[in-house]
Protein chains: 2
Amino acid sequence: MKRSEISKNVVRRLPRYLRKLDELIKLNVERVSSNELGAQMGLTPSQIRQDFSNFGEFGQQGYGYNIKALRSEIASILGMDKGFSVILVGVGNIGHTLIDNFNFARFGFRLLGAFDIRKDLVGSPIQGCPAPIMGVETQEEFISRHNVDIAILSVPREKAQAATDRLVKAGIKAIWNFTDTTINVGDSDIKVEDIYFSDSLLALSYLLLGDND
Amino acid sequence: MKRSEISKNVVRRLPRYLRKLDELIKLNVERVSSNELGAQMGLTPSQIRQDFSNFGEFGQQGYGYNIKALRSEIASILGMDKGFSVILVGVGNIGHTLIDNFNFARFGFRLLGAFDIRKDLVGSPIQGCPAPIMGVETQEEFISRHNVDIAILSVPREKAQAATDRLVKAGIKAIWNFTDTTINVGDSDIKVEDIYFSDSLLALSYLLLGDND
DNA sequence: TAGATTGTTAATCGATTAACAATC
DNA sequence: TAGATTGTTAATCGATTAACAATC
């Protein structure tokens with residue numbers, strides 16, 4: 001099946017499979033059946049087999065799935081073996097937290113650099129990153145020279161669209177948007193993934209309310 | 001319709017409606033039809049009317065929806081008028097970022113306090129929070145005394161389950177989990193909402209790959 | 001071999017879309 | 001009033017689940 005024809009629901013389950021399989025690997029489990037996996041993840045065995053079969057035949061009748069092999073297939077489906085390059089745009093509070101806490105390498109991403117407008121930040125080293133913080137004026141050139149795939153957008157809300165425009169112009173391929181605002185990439189086919197903390201908390205809030213409110 | 005019978009998809013769209021309506025309010029737009037709203041959000045007018053009609057009749061034939069009124073209805077459906085109380089458990093990098101950047105009050109939540117194991121942090125004031133950082137040993141008593149609704153779990157991964165156990169024991173009602181690990185609340189009916197940054201980035205990575213990989 | 005479990009086809013279920021009478 | 005647009009019922013579409021032949 002063509003990747004673009006895979007439903008969004010399936011795509012969103014793939015990272016969950018990855019997490020669960022990593023967990024099982026840590027526990028030294030070697031194989032797992034769709035039945036067992038389903039029980040552990042709260043999915044039906046059917047759904048699991050359907051999901052995987054969108055991408056190939058990863059199991060073996062009478063045996064189930066070899067966890068390491070399956071993990072590697074899913075990692076590859078997700079692009080973890082492509083070494084996608086990432087830059088951070090806006091080294092504020094959130095940007096720093098990501099640098100300090102998110103293990104880009106573990107998921108196959110390469111953090112190439114970080115940019116900020118504030119001159120006083122330029123030159124500071126960044127944990128796990130080959131280059132120190134750079135000024136925005138060098139950003140466009142950097143993106144095209146290194147063929148950067150993904151920009152993490154973590155500038156203040158008011159600057160989100162201007163920063164986006166710059167990224168679009170520079171030829172970025174995807175934006176991971178932490179600005180808590182809708183950004184517009186025009187008619188480019190740049191992929192955007194938004195992190196809206198408020199959406200998540202409000203969904204939790206909804207659940208907290210019982211049937212009697 | 002009973003709240004618990006509303007499908008997950010609908011619940012996840014509610015915060016999106018809220019955001020869009022806030023945006024329209026800012027632009028001083030007064031009314032909107034399902035047609036127009038759908039065009040702006042990439043949804044069909046039918047879906048929008050179906051979604052709203054799960055909760056009541058918020059529109060008017062021939063007119064559409066009054067934006068402020070609709071916004072207020074949705075806010076109420078999401079529990080934003082309940083004043084749910086929140087505490088932060090683990091004042092590390094991520095915890096600090098949330099305190100500094102997330103506008104709890106704007107969404108109707110009350111941040112009551114923050115807790116940490118590290119003695120040197122205890123006593124430091126917290127932006128927009130009535131109490132300074134407290135030690136974990138006082139946490140359980142605090143939760144029951146203030147009847148705390150939601151705990152933001154932002155401790156290091158290794159301490160996630162132990163911290164969860166403490167929260168469950170103290171009678172917390174919901175956990176907003178930033179630990180990037182699966183936490184287990186046993187058979188309690190505590191609501192859990194996970195923020196998995198990696199899931200989000202990997203979904204973006206999947207999209208980045210074309211049909212030929 | 002016999003038992004287990006896959007991959008896949010068919011059946012069911014639920015969510016989205018279309019249509020339209022009601023009505024502002 | 002006439003036009004616009006809702007809320008809702010019916011139709012369609014897609015996703016999940018069940019069933020089962022294939023096979024390790």
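Labels below follow one simple rule: chain letters A, B, ... track the order of the sequence lines, proteins then strands, and each chain is numbered from 1.
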I need the [atom1]-[atom2] distance between [X] and [N], as an integer number of Å.
X	N	atom1	atom2	result
A:Phe58	C:dG7	CZ	P	9 Å
B:Gln61	C:dT23	CD	C1'	5 Å
A:Ile48	C:dT5	CD1	P	13 Å
B:Asn9	D:dC13	CG	C1'	14 Å
B:Leu37	D:dG7	CG	P	13 Å
A:Gln47	D:dG14	CD	P	17 Å
B:Gln60	D:dT6	CD	P	10 Å
B:Asn66	D:dA4	CG	P	20 Å

>> Just to verify, which of A:Lys26, A:Arg19, A:Lys20 counts as forming a salt bridge (Lys or Arg N to Asp or Glu O under 4.0 Å) with A:Glu23?
In response: A:Lys20

>> Ignoring hydrogens and geometry beyond distance, is the side chain of B:Ser7 in donor-acceptor contact with the base of C:dA15 at under 3.5 Å?
In response: no

>> Under 3.5 Å, is there any donor-acceptor pair linking the side chain of B:Gln50 to the base of D:dT8?
In response: no

> Mapping A:Tyr63 and A:Lys8 to their closest nucleotides on DNA chain D, which lands nearer the 5' end?
Replying inline: A:Lys8

> In terms of the nearest nucleotide of DNA chain D, which residue is placed more toward the 5' end: B:Ser33 or A:Asp51?
Replying inline: B:Ser33

> For the residue pair B:Phe178 and A:Phe197, does the interplanar ring angle fall in the parallel (under 30°), tilted (30 to 60°) or perpendicular (over 60°) class?
Replying inline: tilted

> Where does the angle between the aromatic ring planes of A:Phe58 and A:Phe52 fall among parallel (under 30°), tilted (30 to 60°) and perpendicular (over 60°)?
Replying inline: tilted

> Within the structure shown, what part of the strands sits under 4.0 Å from B:Phe55 by heavy-atom distance: base, sugar-phosphate, or nothing?
Replying inline: nothing

>> Can you tell me if A:Lys159 has over 12 outside heavy atoms packed within less than 6.0 Å of its NZ?
In response: no

> So which nucleotide from D:dT6, D:dC20, C:dT17 ends up closest to the side chain of A:Arg49?
Replying inline: D:dC20

> B:Arg31 has a side chain; which of D:dA18, D:dT5, D:dT16 sits nearest to it?
Replying inline: D:dT5

> With no hydrogens and no angle check, do the side chains of A:Asp165 and A:Gln161 hold a donor and an acceptor under 3.5 Å apart?
Replying inline: yes

Does OP1 or OP2 of [N] have a side-chain N or O of [X] closer than 4.0 Å?
X	N	answer
A:Ser34	C:dT6	yes
B:Asn35	D:dT5	no
A:Tyr65	C:dG7	yes
B:Ser46	C:dT16	no
A:Arg12	D:dA15	no

>> Checking base pairs now: Watson-Crick or wobble, both atom distances under 3.5 Å. What partners D:dT12?
In response: C:dA15

>> Can you tell me the base-pairing partner of D:dC24? Count Watson-Crick or G-U wobble geometry only, both distances below 3.5 Å, and say none if there is no partner.
In response: C:dG3

> Can A:Asp199 and B:Arg16 be said to form a salt bridge (charged side-chain N to carboxylate O under 4.0 Å, His left out), step by step?
Replying inline: CA-CA 7 Å; A:Asp199 285 23; B:Arg16 289 187 54 203; 5.9 Å; no

